[in-house]
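Any value given below was found using the heavy atoms of this structure, including those in side chains, with hydrogens, waters and symmetry copies removed. In what follows, chains are A, B, ... by sequence order, proteins preceding strands, each numbered from 1.
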Amino acid sequence: MKLYNTLTRKVEEFKPIKRDKVGIYMCGMTVQDRPHLGHIRSFLVGDVLRRYLEYRGYHVDYVQNFTDIDDKIIEKMHSEGTDWRDIGHRYTDEYLSAASKLNIKKANHFPRATQFIQEIIELVNILLEKGYAYLTPSKNVYFDVSKFEGYGKLSGKKLDELKEGARVEPDPEKKNPFDFALWKQHKEGEPYWYSPWGKGRPGWHIECSAMSTHFLGQPFDIHMGGQDLIFPHHEDEIAQSEAAYGKKFVNYWVHIGFMQIKGEKMSKSTGLFFAIEDILKEYDPNTVRLFVLQKHYRSPMDYTEEFLKSTEEAWKKLENTMHKAHFYQNTTLNAELISEFEKHMDEDLNTPKAIGKIFSYIKEHPEDPHTPAFLLKVLGFEPKESKTSEKLDKIMEVILKVRNALRRDKQFAYADMIRNELNKLGIKVKDGRDKTEWTL
RNA sequence: GGCGGCGUAGCCAAGUGGUCUAAGGCGACGGUUUGCAAAACCGUUAUUCCUCGGUUCAAAUCCGGGCGCCGCCUCCA
């Protein structure tokens, strides 16, 4: 399959390091606030890539981190008067709960930054020893970007362009304004860990370097995340890891476009966001999945209530098909649809096109719900299990038999009464052409 | 100031040189079915792709100018 690689700015044929194994590191959340639709977009795309690679026969080792210590968390800890760990757990749990509802497959590993302090310290040590990092008088350790030749290769930045930037406030202790903290000296009232440079805590980017290579080795196959991470986060990860070990860090960089609201980026810092848990109160998780996959993952997408609503209607159609597939045990799948689907998925994960094909197939081949359902499962769609039981099925059969007898006798008042009463119990009754269907 | 992206029907969205008089979804309209409700089903809905110019036998697709919008360069998925 082909994937767009931010590093080369080209769509490239994907070749894993090992023949049948793929290592993926998904840059997870800094657990400082509620997970929102923007995060979920990235994680859903990661989930679909993973599922597709698995469908293609690869064994995928998927790692997704939680960065559970950083400036914002400390800030929040002070303003809330809570412990930093509580904040981290709160939002980690909220994410995991939403992810589970959304049928996002669990990562093989969910490392947290603070579990890897030793590995981080080792990495910082190597960088100091090799001369890529320096210790300042106030005991901060910074990475010296001027020492790393490839700095800027991911984001296309050049060191001398920074002067124009005007947004960076140079720290007097930094040799170069682009230099970034590997280790931050402890301040009163903040959490800390012991290190060769005194009490302190890791800088922002270092934890991802330490955790990704810990699980996946170096180099590894795919590193993913939102587009806002390209610079400085991913750029800095490359610098640290490649400087430390003298070899390539990651082969393919996959970045997901933003979720926007009225054309503006959805983000925690602007307060402009929709928490995923709030959306899931109103919408089926599959609707959210379809919503995201209807747009190519690299383009920015605008969140509108209207679009989510229209997606909800579209999902009903797919859900119906998946339900039908459940009943008809036809096992021959349509090879043509499958190869169309694969063709589009292979083309840099063109989910909108793949889904479009599924829709038209459903229309043209109502007799085969099986192939579409099979492919929708590959994309991670999973309709709600109807909470039915054999006994209930039998009871409903009896009730509907009686009700249809009443209808045949034109005793509509009684028939409608039964329908209304069932409705109150949450059972919806639909009279079809020659069959009455019901759903819980 | 530097770098990157985008502009396709009422809305969303694929397509990046010929099979495009442009997929697919939502909506709207018309119809079939129906005791009613809901659903389902069928049909219609862009001769045109922000704009101007160029290249080409051929462009939504390539090149140049213009207009508009967004992101990154600061914490961010």
Margin query: I need the full list of salt bridge (charged side-chain N to carboxylate O under 4.0 Å, His left out) pairs touching residues 43-54 of chain A, with sequence neighbours left out, sorted by first then second residue.
Written below: A:D47-A:R51, A:D47-A:R289, A:R50-A:E54, A:E54-A:K105
Check: If only side-chain N and O atoms of A:K295 are considered, is one of them under 4.0 Å from the OP1 or OP2 phosphate oxygen of B:A13?
Finding: yes
For nucleotides 25-31 of chain B, print each protein N/O atom paired with a nucleotide N/O atom at under 3.5 Å, atom names and distance only.
from, atom 1, to, atom 2, distance (Å)
B:C26, OP1, A:K317, NZ, 3.4

Which pairs of donor and acceptor atoms, one on a side chain in residues 347-357 of chain A, lie under 3.5 Å apart (sequence neighbours left out)?
from, atom 1, to, atom 2, distance (Å)
A:D348, OD1, A:Y4, N, 3.0
A:D348, OD1, A:Y297, OH, 2.7
A:D348, OD2, A:R298, NE, 3.0
A:D348, OD2, A:R298, NH2, 2.8
A:N350, OD1, A:K353, N, 3.1
A:T351, OG1, A:L293, O, 2.8

Checklist line | A:E94: side-chain contact (heavy atoms from CB on, under 4.5 Å) partners, not counting sequence neighbours | finding: A:R34, A:P35, A:Y91, A:E277
Margin query: Run the salt bridge (charged side-chain N to carboxylate O under 4.0 Å, His left out) test against A:K10 and tell me which residues pass, sequence neighbours left out.
Written below: none
Check: So which of residues 34-45 of chain A are in contact with RNA chain B, with a heavy-atom cut-off of under 4.0 Å?
Finding: A:H36, A:G38, A:H39, A:S42
Margin query: If you take any heavy atom closer than 4.0 Å to RNA chain B, which residues from residues 219-238 of chain A end up in contact?
Written below: A:G225, A:G226, A:D228, A:L229, A:F231
Next item on the list: Applying side chain to side chain donor-acceptor pair (under 3.5 Å), name anything that partners A:D83, two or more places apart in sequence or on another chain.
Entry: A:R85
Margin query: Need the pair for B:G4. Rule: Watson-Crick or G-U wobble, both distances under 3.5 Å, any strand; none if unpaired.
Written below: B:C70
Margin query: The criterion is side-chain contact (heavy atoms from CB on, under 4.5 Å); which residues satisfy it with A:P300, sequence neighbours excluded?
Written below: A:Q260
Margin query: In whole Å, I'd like the distance from the NE2 atom of A:H344 to the C1' atom of B:A13.
Written below: 14 Å
Notebook entry, point to check: How does protein reach along nucleotides 4-9 of chain B, written 5' to 3' as B (base within reach of a heavy atom under 4.0 Å), S (only sugar-phosphate), or - (no contact)?
Noted result: S-----
Item checked: Residues which pass side chain to side chain donor-acceptor pair (under 3.5 Å) with A:Y55, listed by chain and number, not counting sequence neighbours -> A:E342
Note to self: Run the side chain to side chain donor-acceptor pair (under 3.5 Å) test against A:Y52 and tell me which residues pass, sequence neighbours left out.
What the structure shows: A:R56, A:D346
Checklist line | Pairing partner of B:U45 (Watson-Crick or G-U wobble, both distances under 3.5 Å) | finding: B:G27
